[in-house]
Amino acid sequence: VKSEGPKLVPFFKATCVYFVLWLPTSSPSWFSALIKCLPIFCLWVFLLAHGINFLVSHRSASRILVGLIFSAVGDAFLIWQEQGYFIHGLLMFAITHILYSSAFGMKPLDLNAGLLMGVVSSSCYAFLYSYLSGPFTYLVAVYIALIGFMGWRAMAGVQLCNDLWTWTKLSACVGAMLFMVSDLTIALNEFCFPVPYSRFIIMATYYAAQMLIALSAVETRDEEDFRKRS
């Protein structure tokens, strides 16, 4: 953690800039898009700081980096969601969840975690269903399935009961859960009813989620360092 912390300083500064400026969403602009995406750009730099060779040789890390790239594009689309780009943002984040799921892998399977996430995802969609109409009835269902699957794969990697967990796997799990909280808040605020302090809740949990998922990419780097010391 000590070795990775300094690399995240630009991310924390960029996040502070976003919350300090707090640009109004009623007047979208390329400047507001830049400020919103800046923390994600810093996470690109965080991963790139580990070296191109590291990213090329470790698919999980490179997939998380590509996921962050799609996330930034999705953030930019959502700046103009009132102008009809909400679905575009939804698509970008759906691709992000597919990439993150692929990065987390299918081992261990942990069907209990899968069942739990299935129940949570189904419950969320059942609640939202009556508020949805048109293509969103199906798009939201697919999106919830994808983020639920991503949450399952992140949760399955922790293995707390078997004492096989690492801090990076735990960060992936917590990050995935925070991502789900952020997206659920968006859905409630967009389709159901106004959520108090929704923007703050959405962005705080979103930035924290992305940071933790980016941190999980250094798992393989830690294992390499351990083998070298051994």
Side-chain angles (χ1 to χ4, degrees), residues 1-51 54-55 61 64-82 85-86 89-90 92-93 96-97 99-100 103 147 150-151 154 167-190 194-219 221-222:
V1 176
K2 291 181 180 179
S3 64
E4 301 301 333
K7 299 186 186 78
L8 286 169
V9 170
F11 165 79
F12 289 120
K13 288 182 177 180
T15 303
C16 288
V17 167
Y18 172 82
F19 284 109
V20 168
L21 292 181
W22 203 242
L23 298 170
T25 57
S26 57
S27 54
S29 66
W30 285 109
F31 179 70
S32 59
L34 174 63
I35 295 301
K36 184 182 181 184
C37 295
L38 192 58
I40 307 303
F41 295 159
C42 292
L43 292 178
W44 297 2
V45 176
F46 166 75
L47 290 180
L48 290 169
H50 291 83
F54 169 72
L55 292 171
I64 288 176
L65 175 60
V66 177
L68 287 168
I69 293 172
F70 275 98
S71 293
V73 177
D75 282 331
F77 276 129
L78 291 181
I79 287 287
W80 285 276
Q81 63 179 1
E82 299 299 329
Y85 288 96
F86 183 81
L90 199 69
M92 293 299 104
F93 280 107
T96 295
H97 297 319
L99 288 162
Y100 286 171
I147 195 172
M150 187 269 289
W167 70 268
T168 46
K169 289 179 179 177
L170 185 60
S171 71
C173 179
V174 176
M177 298 305 108
L178 288 174
F179 216 135
M180 294 179 72
V181 171
S182 179
D183 281 357
L184 178 60
T185 307
I186 290 176
L188 291 174
N189 195 64
E190 183 73 19
V195 177
Y197 308 106
S198 60
R199 186 180 171 195
F200 177 81
I201 295 170
I202 290 165
M203 297 311 299
T205 52
Y206 170 69
Y207 285 142
Q210 293 284 38
M211 180 197 69
L212 290 169
I213 291 173
L215 269 173
S216 73
V218 305
E219 173 79 29
R221 185 61 170 264
D222 290 344

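Along the sequence shown, the residues carry numbers beginning at 1.
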Flag side-chain contact, heavy atom, 4.5 Å: [X] against [Y]:
{"X": "V218", "Y": "W167", "value": "yes"}
{"X": "M211", "Y": "T15", "value": "no"}
{"X": "S71", "Y": "Y100", "value": "yes"}
{"X": "T185", "Y": "T205", "value": "no"}
{"X": "F179", "Y": "I147", "value": "yes"}
{"X": "V45", "Y": "F11", "value": "no"}
{"X": "F12", "Y": "Y207", "value": "no"}

Distance check, rounded to the nearest 0.5 Å: L68 atom CG versus Q210 atom CD?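 These two atoms lie 5.0 Å from each other.
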
F77 ring center near W80 ring center (under 6.0 Å):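 When the ring centroids of F77 and W80 are compared, they turn out to be at least 6.0 Å apart.
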
Examine F70 together with F93 and report whether their ring centres are nearer than 6.0 Å.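 When the ring centroids of F70 and F93 are compared, they turn out to be at least 6.0 Å apart.
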
Ignoring hydrogens, what is the shortest heavy-atom contact between A208 and L178? Give both atom names and the distance.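 Where A208 meets L178 most closely, the heavy atoms are CB-CD1, 3.8 Å.
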
Would you say OH of Y85 has more than 12 non-hydrogen atoms from neighbouring residues, nucleotides or ligands within 6.0 angstrom? no

Check whether more than 12 heavy atoms from other residues, nucleotides or ligands sit under 6.0 Å from atom CZ of F19, and answer yes or no.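 Atom CZ in F19 is packed in, count exceeds 12.
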
Keeping the roles fixed (side chain from S216, backbone from I213), state whether a donor-acceptor pair exists under 3.5 Å.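 Confirmed, S216 side chain pairs with I213 backbone.
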
Mind telling me whether F54 and H50 have parallel, tilted or perpendicular rings, with 30° and 60° as the class edges?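 If you compare the ring of H50 with that of F54, the planes turn out tilted.
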
